[in-house]
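Values below: all heavy atoms of this structure, side chains included; hydrogens, waters and symmetry mates excluded. Just so you know, ligand 1 is whichever comes first in the structure, and atom 1 is the first atom listed for that ligand.
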Amino acid sequence: MQNYKNSPASNETEWGKGPFREEFEKLRAALAQCEAKLHALLQASPDLVFVLDRDQRFVSYHSTLVPLLYPPSTFLGKRHGEVMGPELDALFQPAFEKVRQGEIVEYSYPLMKKEGRRWFSVRLSPWFVDEEFQGVIAVVRDITNERAMQEQIALQATTDAVTGLPNRVLFRDRLTQAIYRRARHPQTLAAVFYVDLDRFKILNEAIGHDEGDVILREVGARLSALLRPEDTVARLGSDEFAVLAEGFDSLADITRMADRLNAALNQPYGSNLLHLTASMGVVVIQDPITSSAQVLRDAEAALATAKRSTRGKYSFFVPTMHEEALRTLALENDLRRALEVGQLAVYYQPVVENRTRAVVGLEALVRWPHPVRGMISPSEFIPVAEEAGLVCELDLWVFERVCRQVREWESSTTTLAQRPWWVSVNFSVEHFANGEFLKALRDILARTGVQAHRLRIELTESVFLRYAEKAKEVLTELNRMGLSTCLDDFGKGYSAMGYLLHLPIHVLKIDLSFLRNVPGDTRAENVVRVMTQLGQGLQLCVIAEGVEHESQAEFLRTIGCELAQGYYYGRPMPPEEAGKILVQGMLE
Ligand code: C2E
Ligand code: MG
Ligand code: MG
């Protein structure tokens with residue numbers, strides 16, 4: 001410790017010469033030891049230490065590792081206010097008052113130095129002798145690195161590591177501020193665009209996570225490029241982004257922005273020009289919206305609607321979506337439970353030869369007798385199952401149930417064991433996104449001991465659109481396993497028909513929408529005729545779906561479409577009834 005006054009212990013006084021010499025020497029030795037201990041203690045500390053007396057004068061200091069900013073002569077003996085400048089003194093004065101009362105006080109401050117700005121913390125503790133206040137001990141520490149680290153951690157807590165964009169935490173914070181601003185400036189509009197990349201998870205698996213990250217950064221860059229600096233683009237989750245933009249004059253402006261974001265996202269990505277689409281939920285921030293959580297909930301509901309329509313589109317939030325989202329959520333939970341407890345059932349609809357009314361097969365259709373809502377149509381709950389990731393489990397449950405039923409029918413009468421008939425089962429396109437499909441089918445066939453020729457797999461055209469390569473592989477393997485395949489709902493939406501030429505498909509099912517205006521509407525008649533010819537030309541078995549009247553059946557006979565399915569021949573029915581019809585082999 002360096003003092004500005006000389007140490008009394010180093011001074012020869014009268015005391016050292018008289019009869020108390022021995023006592024004096026002892027005291028001096030003790031004092032020297034004390035001082036050495038204090039010195040060692042201070043040496044061990046990396047901090048700067050200052051001692052200020054009760055008049056706030058610097059009386060001594062210690063600095064081992066930290067160099068002094070100013071030479072000692074500039075502060076020793078001077079008062080704090082004289083040396084440290086008004087800003088630091090303003091921090092010091094109230095702290096000093098508290099320390100005088102016996103408290104320990106800490107504060108921090110920045111100082112500009114040659115190498116830049118550095119941060120220091122000061123800890124002031126009181127110095128009392130015999131309960132009398134002598135001054136303060138100020139321990140000063142350079143906390144620049146610590147602070148930088150804290151700032152980095154704070155930044156990481158609010159930044160997405162892959163894209164460098166704000167994350168959900170920061171986005172919600174900005175959204176909250178925007179909601180407040182909107183309340184103060186109600187004349188302009190603000191909006192949140194909640195973006196979800198369609199099927200990104202599958203793409204990510206296929207191209208590898210590094211490439212996936214490149215695409216995510218590209219998405220962030222494209223969104224940012226369309227916005228003003230004061231708007232916010234954030235990455236909220238794996239393939240979810242959100243845009244917050246303010247200052248729109250009208251809903252039309254917001255729509256234009258949604259169009260631009262949508263168009264930018266739907267351009268091919270990366271050097272391989274990968275095609276990726278995005279869906280978007282849009283929420284206009286308006287009263288009575290009160291919280292960021294509500295805006296995000298609404299945006300998710302709008303996004304779900306956008307996803308359900310055609311992919312690659314956006315949808316604005318309307319309040320009824322909330323109820324719909326809640327209903328879907330409830331349905332999803334109920335469905336999960338229904339699968340667990342085996343609440344679902346399988347019905348069977350006959351497929352009939354038009355001329356003879358012979359029953360050649362059945363289509364298995366899942367049914368859900370909901371305990372409260374009654375029978376729910378698969379058209380309602382299959383999309384929910386797809387969205388909730390439950391559809392593969394559901395389909396395989398149906399398939400196993402059908403296999404067992406087939407075994408039961410075969411063993412019930414010899415007629416059924418010998419006659420050729422089959423049951424077709426519907427499978428969702430989602431199976432093509434997971435590698436377990438074929439193995440699961442094989443396991444079920446093995447478990448139930450059913451022969452593959454009794455079964456047909458119904459798939460829709462979307463499989464070929466979305467999984468062109470994989471579809472070929474899977475269909476070839478299904479064929480190898482002895483399972484024949486039906487192309488369901490043919491003509492309904494996609495119609496890139498090249499796949500018909502080189503894929504092992506056995507049955508074409510003409511979508512029921514085409515039969516609706518037949519007979520009578522010549523154009524519809526022609527379409528059904530051409531589709532039938534197309535199927536026959538490719539040596540496929542053609543089934544017309546949705547036959548409701550004799551006139552339709554008659555029309556099909558005249559164009560040579562041999563097989564049909566529809567309410568006219570029989571509605572989907574429980575297994576007991578279907579079994580009877582199968583045994584009869586012929587409709588009455
Ligand atoms: P789909 O495979 O095209 O099945 C034919 C649908 O048309 C059935 O509706 C059937 O009841 C209905 N239908 C049959 N004849 C007529 C008719 O003459 N007129 C009218 N208007 N409709 C008729 P359902 O049972 O409601 O099934 C709807 C869709 O749900 C099915 O269409 C299929 O895509 C899907 N689905 C059914 N069961 C399953 C399943 O186990 N798994 C999967 N993934 N999807 C299934
Ligand atoms: Mg079907
Ligand atoms: Mg169909």
Please state whether [X] comes within less than 4.0 angstrom of ligand 1, counting heavy atoms only.
| X | value |
| --- | --- |
| E386 | no |
| E545 | yes |
| R367 | yes |

Identify the closest protein heavy atom to [atom]: which residue and atom is it, and at what distance?
| atom | result |
| --- | --- |
| atom 6 (C) of ligand 1 | L512 CD2, 4.5 Å |
| atom 18 (O) of ligand 1 | Y567 N, 2.9 Å |
| atom 1 (P) of ligand 1 | D488 OD2, 3.7 Å |
| atom 24 (P) of ligand 1 | P378 CG, 3.6 Å |
| atom 43 (C) of ligand 1 | D395 OD1, 3.2 Å |
| atom 15 (N) of ligand 1 | Q349 NE2, 3.0 Å |
| atom 21 (N) of ligand 1 | E548 OE2, 3.2 Å |
| atom 39 (C) of ligand 1 | V366 CG1, 3.6 Å |

Q: Mind checking whether V398 contacts ligand 1 via backbone (N, CA, C, O), side chain (CB onward), both or neither, at a 4.0 Å heavy-atom cut-off?
A: side chain

Q | Sequence-distant partners of D253, side-chain hydrogen bond (donor to acceptor under 3.5 Å, both in side chains), two or more places apart | A | R256

Q.
Strictly under 2.8 Å, how many protein N, O or S atoms lie near the Mg ion (ligand 2)? Waters don't count.
A. 4

Q) Under a 4.0 Å N-O cut-off, is there an ion pair linking K307 with D198? A) yes

**Q.** Salt-bridge contact R516-E548 (side-chain N to carboxylate O under 4.0 Å)
**A.** no

